[in-house]
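Order of listing sets the numbers, starting from 1, for every ligand and every atom in it.
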Amino acid sequence: MNYQFARRLDAAPESFLDQLFAISRDPKIISFAGGLPMTSLIDVAGIRDAAAAVFAEEGETALQYTTTDGYLPLREFIAERYRSRLGLPATADEIRITNGSQQCLDLIAKLFVDPCTVVGMERPGYLGAIEAFSYYQPRFKTVPVTEEGPDIDAFHTLCQEDNLAFFYGIPNFQNPSGMSYTETRRKECAECCRETNTIFYEDDAFGELAFDGRPRIPVKAFAPECGVMSGSFSKTVSPGMRIGWIYAPAQVIEKFDAVRQAADLHPNALSQAVMYRYLTTHDYEGHLERVRRVYQKNCNQMCDLLDDLLPDVIHTTPEGGMFMLATMPEGKDSMALFHACLKECVAVLPGVPFYAEGGGYDTFRLNFSTANETEIEEGMARLKRAYCLCGKK
Ligand SMILES: Cc1ncc(COP(=O)(O)O)c(C=O)c1O
């Protein structure tokens, strides 16, 4: 059969995520390439108890069709957390539960991106967003990010584009670099978005994973009408439950409901009820504290080993999240490193797919949330061997 696939598929980059998940499952390989939360930090017993209570007390409702907007108590929980933690005047009406925050990427692009409209992104930027947006055939324009946030002059220039659908950014512990915007840069970005009527799509997948537990004020706080924010329980509670959300102004939410209903009717009723039960009957703050402590320890260990073993590699030093970005000296190629690493049974992720406009050949991303201390020690030794073996471009 000669299948005539839609032309929009031609615009999509070859999916790296599938390859990543395959690598993550091979037990011989120590993977720093994926983005899984540490399995032992998933509170299986707590979630099991929450699920048992849901089945016992509201099983019929939780197994029935439900509403498109999402479970009201869970939306209220999220809104209250925005208010108390970040000082944002959020209400449940402005929040919709989604099937992971990845679904927000698809649906927000569906709302705002026509073929050839411009989507602004960080350089490097989240690979899963590049993949999701690509199906709507945008032109990507990227702004370099540094330890302070996006280059503000380039950001200004981008916001002047007539045809800009939105700017997508991750101000907290970015994927892939682990870098964060300073508060000043957040304000500058917000001001620029206000002046130019630009949507700032703020993906806050990692905000709760600040090692010091200190909340960082979102860009949306400085320009509420421009801010579309997404969040997720994937990195904090469980990715398999697939609970994320969007927090956006009422006009956006109204359209979001329509496209969301067409996509999959509503979020998973059972997962939402279990998540809410878990969050409200267990020590969520204590759990977050544990996760942050482990990730901070792993991050420090990985940074120290990188400095010792690969002194000519420059790396970011994240203050939270799950990733750091390494840059090799001129002439080293991360695809060659990737293949050399696989021979040594360790995996790193070449930076190239994070660069929507090309580049990043000398960079690779390292995840520090999945492997334990022993695996990090051994994996970094393998990485050193692979690095020494892999030739120049
Ligand atoms: C920056 C960022 N946004 C969104 C997602 C999607 O996560 P989920 O759909 O599990 O919420 C990820 C996953 O790694 C991510 O790194």
Practice item. Identify which one of F155, F140, Y201 satisfies the ring-ring contact (aromatic ring centres under 6.0 Å, His included) criterion when paired with F167. Key: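 With F167 as partner, F155, F140, Y201 yield a single ring-ring contact (aromatic ring centres under 6.0 Å, His included), made by F155.
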Check your understanding: Between R194 and E191, is there a salt bridge with N-O shorter than 4.0 Å?
Key ->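 Salt bridge: no.
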List, one per line, each side-chain donor-acceptor pair under 3.5 Å for residues 40-57, sequence neighbours excluded.
| unit_1 | atom_1 | unit_2 | atom_2 | d |
| --- | --- | --- | --- | --- |
| D43 | OD1 | G46 | N | 2.9 |
| D43 | OD2 | Y278 | OH | 2.8 |
| E57 | OE1 | R277 | NH1 | 2.9 |
| E57 | OE1 | R277 | NH2 | 3.3 |

Practice item. Return the set of residues passing side-chain hydrogen bond (donor to acceptor under 3.5 Å, both in side chains) with E183 (not counting sequence neighbours), or none when no residue passes. Key: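 Counting only residues at least two positions away or on another chain, E183 forms no side-chain hydrogen bond (donor to acceptor under 3.5 Å, both in side chains).
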Review point. Near ligand 1, which protein residues have a heavy atom under 4.0 Å away?
Key: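 Within 4.0 Å of ligand 1, protein side: G100, S101, Q102, Y126, I170, N175, D203, A205, F206, S232, S234, K235, R242.
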Point to revise | Residue list, salt bridge (charged side-chain N to carboxylate O under 4.0 Å, His left out) with E94, at least two apart or on another chain | key: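 E94: no salt bridge (charged side-chain N to carboxylate O under 4.0 Å, His left out) contacts found.
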Review point. So, the side chain of R96 versus the backbone of F256: is there a donor-acceptor pair under 3.5 Å, distance only?
Key: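 Checked: no pair found.
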